[in-house]
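Here the structure is laid out as structure tokens; the discussion comes afterwards.
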Amino acid sequence: MEGCQPWPDEIAAFYREKDCWRGETFGQMLRVRAEKHGNKIAITDGGKQVSYETLDKRVDQLASGFQKLGFKKEDRVVIQIPNTVEFFEVCFALFRLGVLPVFALPSHRYSEIQYFCELTEAKAYIMPENFSGYHYHEMAKTIQRESSTLEHIITLGASEELEQLADLYLEEEYIQPNVYSNDIAFLQLSGGSTGLSKLIPRTHDEYIYSLRKSNEICRMDENSVYLAVLAIAHNYPLSSPGVLGSLYAGARIVLATRSSPDEAFPIIEKEKVTIVALVPPIAIIWLEALKTRSNDFTSLEIIQVGGAHFNAEIAKRMQQAFGCKLQQVYGMAEGLVNYTRLDDPEETIINTQGRPMSPYDEIRVVDEEDREVELGEVGELLTRGPYTIRGYYKAEQHNAKAFTLNGFYRTGDLVSLDEAGNIVVEGRIKDQINRGGEKIAAEEMEDHIASHPNVFDVAVVSMPDQFLGERSCAFVIPYEGMITKVEMKDFLIKRGIADFKIPDRVEIVDTFPQTSFGKVSKKALREMITKKLSPTYK
Ligand code: J2J
């Protein structure tokens with residue numbers, strides 16, 4: 001497909017020969033599950049229960065409606081759908097037509113959605129009427145007015161002006177195009193480090209392989225009940241093993257839209273949840289909340305924690321407090337996912353981020369000259385394998401830097417390996433802030449902030465935070481006087497930027513410290529703000 005790097009033939013042949021890629025597609029996978037599991041419940045969404053059979057049928061009805069709108073194979077559709085049944089109906093309807101969903105997050109706003117629509121030349125944008133206090137319709141209309149490709153704006157809610165998803169479930173037959181397992185199934189978002197998020201093309205073959213391996217490691221089967229509290233468009237709750245792994249296993253998904261103990265704990269008890277995926281800040285809240293609750297957690301077998309650094313002391317307490325297995329997950333939307341195994345020694349589960357899920361994952365830990373470092377030493381992690389991309393979507397120039405000549409993805413993460421091959425994430429070289437699992441590309445925010453009329457120069461860095469691990473701090477050199485955090489926030493909200501990216505702190509300075517090459521020293525800026533925040537952080 002245009003803009004996507006094809007897998008080299010001999011490598012694709014190798015992964016097929018090794019039975020990693022089995023020729024399955026998502027559309028067909030759901031059909032097979034529906035035939036097998038019939039009226040077994042696939043998704044519980046509040047009071048709503050949807051069986052495998054019903055899901056499959058609704059997906060066909062929607063595919064018929066989408067085809068009638070003119071959606072064709074290889075079209076792109078930006079979807080911004082919270083944790084609801086519609087997420088699955090829309091995704092699988094698009095999969096069956098060979099149309100690519102682009103997975104925006106509910107927290108994205110004008111600037112992100114507009115960019116995804118423009119970059120992918122999206123034919124449609126599907127969003128809720130409102131979610132978490134935000135109304136999406138006005139933003140959608142503005143984006144459509146400015147776009148030359150967006151033919152359809154489809155709301156999950158009610159509207160007289162916009163098309164309504166509810167009207168698109170048609171009983172009519174539709175023509176199912178040939179969708180092949182090596183076709184691109186969707187575009188996932190990268191956390192981003194240089195400029196705006198890059199888009200990640202994933203094929204049916206490789207993504208389904210990652211689900212199968214995840215299921216094996218997490219022992220997912222028909223009896224599993226997966227609770228989704230994180231936004232399921234994100235790669236981690238989507239695929240590690242996440243909601244798609246659950247469907248692959250014939251398990252049941254329970255959807256929640258909030259991760260608070262008030263919402264999640266009673267659900268775990270009532271629905272007899274067996275596995276849940278968390279990011280570290282939520283794990284901390286759950287651990288604290290346990291002190292004052294008496295919910296029954298006996299069904300819970302695995303709590304996964306991933307997406308950002310997880311403190312070892314808290315990991316230890318977590319495992320004891322919930323009386324179930326803790327699993328650390330270190331993954332990336334670009335591919336490679338590492339898990340601690342359920343039968344690993346406690347030391348490994350607490351102190352490491354696990355090891356690659358596939359025997360065909362290749363990892364190298366290298367120094368600045370791409371030379372492998374000694375075992376136990378820290379270096380950048382490079383990886384390639386049966387479910388790690390070979391290039392971003394429409395990003396040739398960036399790809400030349402983000403991948404080695406022989407196809408290894410440069411993760412930008414600093415790691416060390418132990419003797420058993422477990423990875424410990426030690427830091428990163430990419431210019432990104434990991435705010436409790438939500439990724440912020442420093443450069444993207446710098447570009448936004450630099451457009452403020454009173455900003456002469458800006459540098460965005462991470463600062464330590466006990467709860468989120470990191471927060472973002474913008475060092476600003478103004479033309480004159482001051483810029484307050486409130487002023488900055490108002491300015492950025494008006495530009496339409498996801499809330500989590502807005503700097504948590506603004507520091508006004510006269511100059512930036514420089515490296516010996518005359519570049520802004522972000523290391524020195526991080527040290528400055530860390531020192532200022534002491535005595536909490538030494
Ligand atoms: C430290 N840093 C981590 C961890 C990710 C499973 C789990 C997570 C993601 C994800 C994912 C970390 N400790 N346990 O896609 O399928 C940081 C690293 C990594 C980046 C990727 C999955 N787990 N990270 O978080 O694409 O810096 O995917 O390169 O959002 O998050 O972010 P993302």
Side-chain angles (χ1 to χ4, degrees), residues 103-105 107 187-193 197-200 202 206-207 209-211 213-215 217-218 228 230-245 275-283 303-312 314-315 318 326-340 348-358 361 363 378 380-383 385 387-389 392 402 409-416 422-442 462 468-470 498 500-501:
F103 287 122
L105 298 171
S107 54
L187 296 171
Q188 183 54 280
L189 310 188
S190 78
S193 52
S197 316
K198 301 288 174 290
L199 296 183
I200 297 169
R202 304 287 304 253
E206 40 127 342
Y207 211 67
Y209 173 61
S210 84
L211 302 180
K213 287 310 286 181
S214 296
N215 281 352
I217 289 165
C218 302
L230 304 173
I232 54 179
H234 186 275
N235 199 59
Y236 168 31
L238 188 66
S239 70
S240 300
V243 290
L244 293 182
I275 172 167
V276 62
L278 306 179
V279 286
I282 299 177
I303 297 183
Q304 300 180 293
V305 181
H309 171 73
F310 193 38
N311 177 290
I314 297 171
M318 192 88 193
L326 173 72
Q327 180 179 57
Q328 294 215 37
V329 193
Y330 161 45
M332 53 207 74
E334 285 80 358
L336 181 73
V337 180
N338 305 278
Y339 293 103
T340 57
T348 305
I349 294 176
I350 287 167
N351 295 310
T352 83
Q353 282 65 60
R355 50 196 179 277
M357 62 174 158
S358 164
D361 282 319
I363 56 175
V378 177
E380 186 188 4
L381 178 69
L382 310 185
T383 184
Y387 59 97
T388 296
I389 54 160
Y392 291 101
Y409 165 57
R410 297 182 189 275
T411 65
D413 291 326
L414 289 173
V415 306
S416 63
N422 293 300
I423 299 176
V424 176
V425 183
E426 310 267 4
R428 77 183 77 92
I429 51 172
K430 56 189 166 194
D431 199 5
Q432 188 183 75
I433 295 114
N434 188 336
R435 195 177 182 275
E438 295 191 293
K439 317 300 181 318
I440 305 166
S462 64
L468 291 176
E470 295 169 27
F500 69 87
K501 294 182 185 170

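Start at 1 with the first residue, then count along the sequence. Indexing begins at 1, ligand by ligand and atom by atom, following the structure's order.
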Protein residues that have a heavy atom under 4.0 Å from any atom of ligand 1, sorted by chain and number: His234, Asn235, Tyr236, Ser240, Gly306, Gly307, Ala308, His309, Val329, Tyr330, Gly331, Met332, Ala333, Val337, Gln353, Asp413, Val425, Lys430, Asn434, Lys439

Gap separating the CD1 atom of Ile200 from the CD1 atom of Ile389, nearest 0.5 angstrom: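 CD1 of Ile389 is found 5.0 Å from CD1 of Ile200.
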
Interatomic distance, Asp431 atom CG to Ser462 atom OG [nearest 0.5 angstrom]: 9.0 Å

Backbone of Gln304 reached by a side-chain donor or acceptor of Tyr339 within 3.5 Å: no

Side chain Asn434, main chain Gly307, donor-acceptor under 3.5 Å: yes

Shortest non-hydrogen separation from Ala104 to Leu189 and the atoms involved: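 In terms of heavy atoms, the two residues are closest at CA-CD1, 4.1 Å.
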
Residues forming a side-chain hydrogen bond (donor to acceptor under 3.5 Å, both in side chains) with Asn215, sequence neighbours excluded: none

